[in-house]
Amino acid sequence: PEVAWIGVGNPYQLSASEGQRFVDLTGWVNQNGNQGGMTQTIATTAGQRYTLSFDVGNSTNHNFGATSSLFASAGNTTQLFTNTETNSTNSWQHFTMDFIANSNATNLSFTGNNAVYYIGLDNVAVTAAVPEPETYAMLFAGLGLLGLVARRRQSA
């Protein structure tokens, strides 16, 4: 399986979701065969929740009306993502996936799943997830209790 690095002025008339370049997980050689993939290791904090975001590209010119899909993996989480847009020469859909890091290094993997000739991948980003409002409420309640206990000790 191969991947291809596609840039501006490519003969396929495809454009990146954002910017000038994107990755094609088919490498333009595997017609409904084994799709390509890529993996990168990133620094994480064990037990921390993260959000992986990325765009998946599809093209009616090169997938002939079929959808394109890929598997995304991070930590113990793996999900299938499918660009269902089949009405455009070049379309992108944005996806997100939450995961919890198991260690101080996490492998991010993208593996093509289904397409005729094209599975675009662009705008990959990982961010630490923002705590839920309930987490802040518990934190402030705990701090309030600590303040109340400290105040009672001072007055006694």
Side-chain angles (χ1 to χ4, degrees), residues 1-140:
E2 296 183 25
V3 298
W5 184 240
I6 309 293
V8 174
N10 64 77
Y12 316 112
Q13 299 177 345
L14 296 171
S15 59
S17 173
E18 196 172 294
Q20 298 185 10
R21 296 190 177 276
F22 65 94
V23 173
D24 172 26
L25 295 178
T26 66
W28 290 91
V29 295
N30 297 315
Q31 184 174 2
N32 288 325
N34 294 324
Q35 309 299 337
M38 55 193 321
T39 300
Q40 180 174 352
T41 303
I42 62 168
T44 53
T45 301
Q48 172 72 42
R49 179 178 294 268
Y50 293 89
T51 299
L52 170 65
S53 62
F54 55 93
D55 297 339
V56 176
N58 192 36
S59 169
T60 55
N61 281 359
H62 303 288
N63 281 334
F64 306 101
T67 60
S68 60
S69 62
L70 59 79
F71 283 103
S73 298
N76 287 333
T77 304
T78 299
Q79 283 183 288
L80 177 65
F81 296 91
T82 302
N83 181 329
T84 57
E85 174 64 48
T86 57
N87 297 322
S88 176
T89 303
N90 188 39
S91 66
W92 292 91
Q93 284 185 317
H94 184 73
F95 296 98
T96 62
M97 177 181 86
D98 291 335
F99 69 94
I100 296 174
N102 299 326
S103 69
N104 292 335
T106 299
N107 289 331
L108 300 180
S109 296
F110 295 95
T111 307
N113 179 61
N114 184 47
V116 177
Y117 283 112
Y118 169 66
I119 303 171
L121 175 64
D122 201 0
N123 295 326
V124 177
V126 177
T127 55
V130 176
E132 298 292 325
E134 297 85 28
T135 303
Y136 286 119
M138 288 191 319
L139 173 67
F140 291 131

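Numbers here are sequence positions counted from 1. Side chains included, hydrogens not; waters and symmetry mates left out as well; all remaining heavy atoms used.
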Query - Thr86 side chain to Thr60 backbone, donor-acceptor under 3.5 Å - result: no
Requested in this report: Using atom types as modelled and distance alone, determine if a side-chain donor or acceptor of Ser68 lies under 3.5 Å from a backbone N or O of Gly57.
Outcome: yes
Query raised in the report: Roughly how far, to the nearest 0.5 Å, is the CG atom of Asp122 from the OG atom of Ser17?
Result: 5.0 Å
Report summary line: Rounded to the nearest 0.5 Å, the OG1 atom of Thr82 sits from the CG atom of Asn113 at a distance of 7.0 Å
Query raised in the report: Do you see a donor-acceptor pair shorter than 3.5 Å between the side chains of Asn107 and Thr39?
Result: no
Requested in this report: Without swapping roles, check the side chain of Tyr117 against the backbone of Asn61 for a donor-acceptor pair under 3.5 Å.
Outcome: no
Query raised in the report: In Å, rounded to the nearest 0.5 Å, how long is the span from OG1 of Thr77 to CG of Leu52?
Result: 10.0 Å
Query raised in the report: Considering the options Asn10, Thr89, Asn90, which one meets the side chain to side chain donor-acceptor pair (under 3.5 Å) requirement together with Ser15?
Result: Asn90
Query raised in the report: Out of curiosity, Ile100 CD1 to Asn76 CG, how far, rounded to the nearest 0.5 Å?
Result: 9.5 Å
Requested in this report: Return yes if some donor-acceptor pair links the side-chain N/O of Asn104 with the main-chain N/O of Thr45 below 3.5 Å, else return no.
Outcome: no
Query raised in the report: Do the side chain of Asp24 and the main chain of Ala4 share a donor and acceptor less than 3.5 angstrom apart?
Result: no
Report task. Answer yes or no: is there a donor N or O on one side and an acceptor on the other, between the side chain of Gln93 and the main chain of Thr84, under 3.5 Å? Result -> yes
Query raised in the report: If you measure from CG on Asn83 to CG on Leu121, what distance do you get to the nearest 0.5 Å?
Result: 12.0 Å
Requested in this report: Could you pull out the closest heavy-atom pair between Met97 and Ala72, with the gap in Å?
Outcome: SD-O, 3.8 Å
Query raised in the report: For Gly120 and Phe22, which heavy atoms make the closest approach, and how far apart are they?
Result: CA-CD1, 4.2 Å
Query - Contact summary for Gln48 and Ala128, nearest pair of heavy atoms - result: NE2-CB, 3.9 Å
**Report entry** Partner of Thr51 under side chain to side chain donor-acceptor pair (under 3.5 Å), chosen from Thr127, Asp98, Thr96
**Finding:** Asp98
Query raised in the report: How many angstroms lie between CG in Leu108 and CZ in Phe99, if you round to the nearest 0.5 Å?
Result: 5.5 Å
